[in-house]
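Chain naming here is simple, since letters A, B, ... match the order of the sequence lines and numbering starts at 1 in each. The model shown is predicted, which means the values in this text are computed figures rather than measured ones.
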Amino acid sequence: MQHNQVVRVAMVPGSHQSGLVGMVGEDGTPEGPAQEVSDLAAAVTELERAGDVRWIWPSSARLYPDLLRAGARVARCHDIELTGSLIRARDQDQAEPPAISAAAARLAAATAAWGSHTREQLLFAGDEAAPVDPRCAWTDVVDVHAHQVARIAADPHPAKFGLLAAAESAGGLAAAEMTAAGLPWRADVHDRLLTEVLGPRPPATAGPPLRPTRLAELAAQISETLGAVRPVNLDSPVQLLRALAASGVRVSSTRTSVLRQVDHPVIPLLLEYKELARLNSANGWSWLDTWVSGGRFRPEYVVGGVVSGRWASRGGGALQIPRLLRQAVIADPGWTLVVADAAQLEPRILAALAGDRAFAQTAMSGDLYEAVAAAIGGERKTAKVALLSAMYGGMGGDGGRSLALLRRRFPQASAFVERAARAGEEGQVVRSVLGRTCPLPSAAWLSLTADSVDPDEDRDPGAGAAARARGRFTRNFVVQASAADWAQVLLATLRNSLAEMSAPDLGQPHLVFFQHDEVIVHSPAEKADEVVAAIDAAALTATSLVFGATAVTFPMATAVVDCYSGAK
DNA sequence: TCAACAGGCGCG
DNA sequence: AAAGCGCGCCTGTTGA
């Protein structure tokens with residue numbers, strides 16, 4: 001990457017379209033007073049054109065959607081909200097300077113007022129929403145930014161933690177851009193899929209929505225098969241359990257996995273009902289009405305919404321799109337979807353984290369699970385379960401034997417996750433490769449697991465279970481959070497290279513979806529090959545930025561398709 | 001009447 | 001003996 005001089009510009013919005021902008025140095029020291037601009041979006045665009053800018057602002061989630069709507073795109077930023085979360089998670093035991101806390105609190109309150117989706121709330125907020133003085137907000141931005149820069153520099157690994165903050169900030173930009181772009185979604189295809197399996201869309205009524213015909217049929221058949229005297233509400237696990245028991249079907253729960261083990265004529269009907277009822281309630285016509293408009297599904301991503309650094313989402317269950325409905329994700333005419341996922345990301349991350357040479361050697365293979373199977377002598381499926389057990393802390397099934405084999409064959413990788421588990425059990429925190437820190441144990445956990453003062457008094461019987469649960473959490477955290485680090489650096493890198501692809505006649509390839517270890521780029525068909533290459537390059541860049549030199553490879557499984565369901 | 005909880009299941 | 005990690009969101013149930 002070419003590093004030109006990047007200037008830092010602190011900015012806050014003012015009333016109407018105005019705003020305040022002012023340059024600060026690398027360390028955050030202001031280089032003069034803030035200037036007022038009457039059209040903030042225009043000023044942003046102009047400065048972006050003039051050179052490389054890092055915008056220092058309170059929150060991309062609150063500010064960037066409005067700028068995007070006004071046609072302003074920014075290349076990079078320092079997101080005070082996201083960076084602050086990273087720093088606070090790391091410095092949990094240290095008090096922040098009161099002046100910084102106060103400034104951050106004022107900014108948080110101000111950003112709530114700026115947030116575009118809270119506009120309506122503001123109308124009713126009355127005098128609770130104090131007017132924000134932009135001059136004060138700008139000074140707060142400058143002060144908090146300077147403090148954050150210093151706190152990043154104070155990290156034991158400042159380059160890595162700095163990379164984390166930069167990637168997280170870039171993630172915030174990518175998230176807002178993806179919401180603005182939307183995931184191409186064909187409502188007609190979705191409707192056809194629903195109609196095929198559920199029957200035609202029930203007509204709207206004043207009361208609760210009618211049940212689709214197929215669900216009604218199944219419910220009737222199930223009641224009949226069970227010989228129920230009165231109709232059973234199949235959506236109530238309690239009622240269903242009772243009805244099953246009355247017909248001699250004794251099960252511990254109504255979970256699909258439990259029902260599958262039962263041989264009874266009602267079971268296939270129930271399984272079909274559960275699957276279709278889920279589709280209808282989670283992603284049925286009402287979901288379609290609510291979340292898809294203008295041929296796009298626009299979820300809100302919550303960057304840093306998971307403690308591990310994975311993104312969460314708000315509204316529409318964006319990170320749980322059922323496989324069936326991926327058939328409705330179709331590129332615009334003349335465009336294509338480049339769907340890429342990092343193959344077996346988490347075990348590869350573990351290999352790189354642990355510096356386990358034997359495991360790294362194995363992880364150079366295209367199919368990691370197959371290679372592990374060969375290494376420990378067994379089936380691919382067994383190897384996969386054993387590896388996942390090692391990372392999740394499970395001991396289930398016949399995994400015990402394979403787990404022992406893994407431990408012998410890959411001692412360093414095993415020791416790495418075991419160490420993380422021990423730390424968690426002892427109430428310590430663990431960090432990802434770039435320095436994202438897991439939360440401290442709760443007060444409840446501490447009192448539950450604390451050794452009793454009186455040696456005669458028995459420990460709470462739940463203490464061991466709680467300690468082991470936290471051990472499983474920290475064991476998984478080091479892997480899941482490091483995978484999130486890697487994926488977010490990839491996303492940030494890819495976002496940059498896509499922005500540099502000029503396709504004036506065709507349109508710009510752009511990110512439309514990001515799900516933990518998978519990205520989708522909506523691209524003019526002619527640009528697809530270039531996008532595929534950019535994705536491979538981004539994976540290489542992410543690997544070297546995050547891990548430095550490592551033998552572990554991170555292959556991307558990439559498909560160029562018209563329809564999302566055509567990928568793998 | 002509404003909020004919190006439980007059971008369940010979609011995704012990685 | 002039992003148990004694996006992280007989420008969001010739906011419906012039904014419970015209790016203030």
Side-chain angles (χ1 to χ4, degrees), chain A residues 208-209 211 215 232-242 251-260 270-271 273-284 286-287 290-291 299-326 341-347 349-350 385-400 402-403 417 420-421 424 430 432 436 438-439 461-462 464-484 487 513-519 564 568:
Chain A
R211 189 141 61 173
L215 284 179
V232 183
N233 184 351
L234 301 178
D235 300 322
S236 163
V238 176
Q239 289 188 39
L240 179 55
L241 212 54
R242 261 204 295 271
V251 281
S252 55
S253 86
T254 63
R255 272 199 290 278
T256 298
S257 60
V258 172
L259 294 181
R260 244 196 261 285
L270 260 181
L271 294 179
Y273 177 88
K274 281 161 96 53
E275 190 180 339
L276 294 182
R278 162 83 192 185
L279 176 67
N280 182 54
S281 69
N283 296 96
S286 124
W287 182 92
T290 310
W291 297 109
E300 270 184 67
Y301 295 94
V302 185
V303 177
V306 182
V307 287
S308 67
R310 282 182 169 189
W311 292 10
S313 71
R314 187 167 35 225
L319 303 183
Q320 312 138 243
I321 300 170
R323 291 183 165 274
L324 175 77
L325 292 184
R326 295 180 181 187
D341 77 272
Q344 303 120 19
L345 179 58
E346 293 197 350
I349 289 289
L350 173 56
V385 170
L387 258 181
L388 293 175
S389 291
M391 293 185 299
Y392 291 166
M395 302 280 289
D398 55 5
S402 315
L403 214 50
V417 286
V430 293
S432 72
R436 190 185 304 269
C438 82
R468 284 190 297 278
R470 182 165 169 86
R472 289 192 299 275
F473 167 64
T474 50
R475 171 197 297 267
N476 184 251
F477 183 94
V478 291
V479 178
Q480 189 184 107
S482 298
F513 194 58
F514 176 58
Q515 186 178 32
H516 314 315
D517 60 357
E518 181 179 8
V519 295
Y564 187 13
K568 78 180 170 190

Q: By the 4.0 Å heavy-atom rule, please label A:Arg323 as base, sugar-phosphate, or nothing.
A: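 Answer is sugar-phosphate: A:Arg323 comes under 4.0 Å of backbone atoms only.
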Q: How long is the line joining OH of A:Tyr301 and P of B:dC11, in whole Å?
A: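 Interatomic distance, OH of A:Tyr301 to P of B:dC11: 16 Å.
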Q: Expressed in whole Å, how much space separates the C1' atoms belonging to C:dA2 and B:dC9?
A: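 Each nucleotide's C1' atom is 23 Å from the other's.
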Q: Take the protein atom CG of A:Leu270 and the nucleotide atom C1' of B:dC9, then report the distance between them rounded to whole Å.
A: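 For the pair A:Leu270 CG and B:dC9 C1', the rounded distance is 15 Å.
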Q: Closest to the A:Asp517 side chain: B:dG12, B:dC9, C:dC5?
A: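 Of the options given, the side chain of A:Asp517 lies nearest B:dG12.
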Q: Are A:Leu325 and A:Trp287 close enough, and set up right, to give a side chain to side chain contact (heavy atoms under 4.5 Å, CB included), and what steps lead you there?
A: CA-CA 12 Å; A:Leu325 292 184; A:Trp287 182 92; 5.5 Å; no
Q: Go ahead and write out DNA chain C as dot-bracket, 5' to 3': ( ) for pairs within the strand, [ ] for ones crossing earlier pairs, | when the partner sits on another strand, dots for unpaired; Watson-Crick or G-U wobble, both distances under 3.5 Å.
A: ....||||||||||||
Q: Donor-acceptor pair under 3.5 Å: do we get one between A:Arg475's side chain and the base of C:dG4?
A: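 For A:Arg475, whose side chain was compared with the base of C:dG4, there is no donor-acceptor pair (under 3.5 Å).
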Q: Which of these nucleotides, C:dG4, B:dG12, C:dC7, is closest to any side-chain atom of A:Arg326?
A: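 Nearest listed nucleotide: B:dG12.
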Q: In B/S/- notation, 5' to 3', how is nucleotides 8-16 of chain C contacted by protein heavy atoms closer than 4.0 Å?
A: BSSSSS---
Q: Grab the OH-C1' distance between A:Tyr392 and C:dC7 for me, whole Å please.
A: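 Computing the A:Tyr392:OH to C:dC7:C1' distance gives 12 Å.
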Q: Under the rule syn = chi within 90° of 0, otherwise anti, which is C:dG8?
A: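 Anti.
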Q: In whole angstrom, what separates A:Phe477's CZ from C:dC7's C1'?
A: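 Result: 14 Å.
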Q: Quick one, A:Gln515 with A:Ile321, criterion side chain to side chain contact (heavy atoms under 4.5 Å, CB included). Give me CA distance, side-chain angles, the key distance, then yes/no.
A: CA-CA 10 Å; A:Gln515 186 178 32; A:Ile321 300 170; 6.0 Å; no
Q: Does the pair A:Glu346 and A:Leu350 meet the rule for a side chain to side chain contact (heavy atoms under 4.5 Å, CB included), with working shown?
A: CA-CA 6 Å; A:Glu346 293 197 350; A:Leu350 173 56; over 6 Å; no
Q: Atom CG of A:Leu279 and atom C1' of B:dG8: how far apart are they, to the nearest Å?
A: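 Taking CG of A:Leu279 and C1' of B:dG8, I get 15 Å after rounding.
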Q: Measure from CD on A:Gln515 to P on C:dC7 and round the result to the nearest Å.
A: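 From A:Gln515 CD to C:dC7 P: 15 Å.
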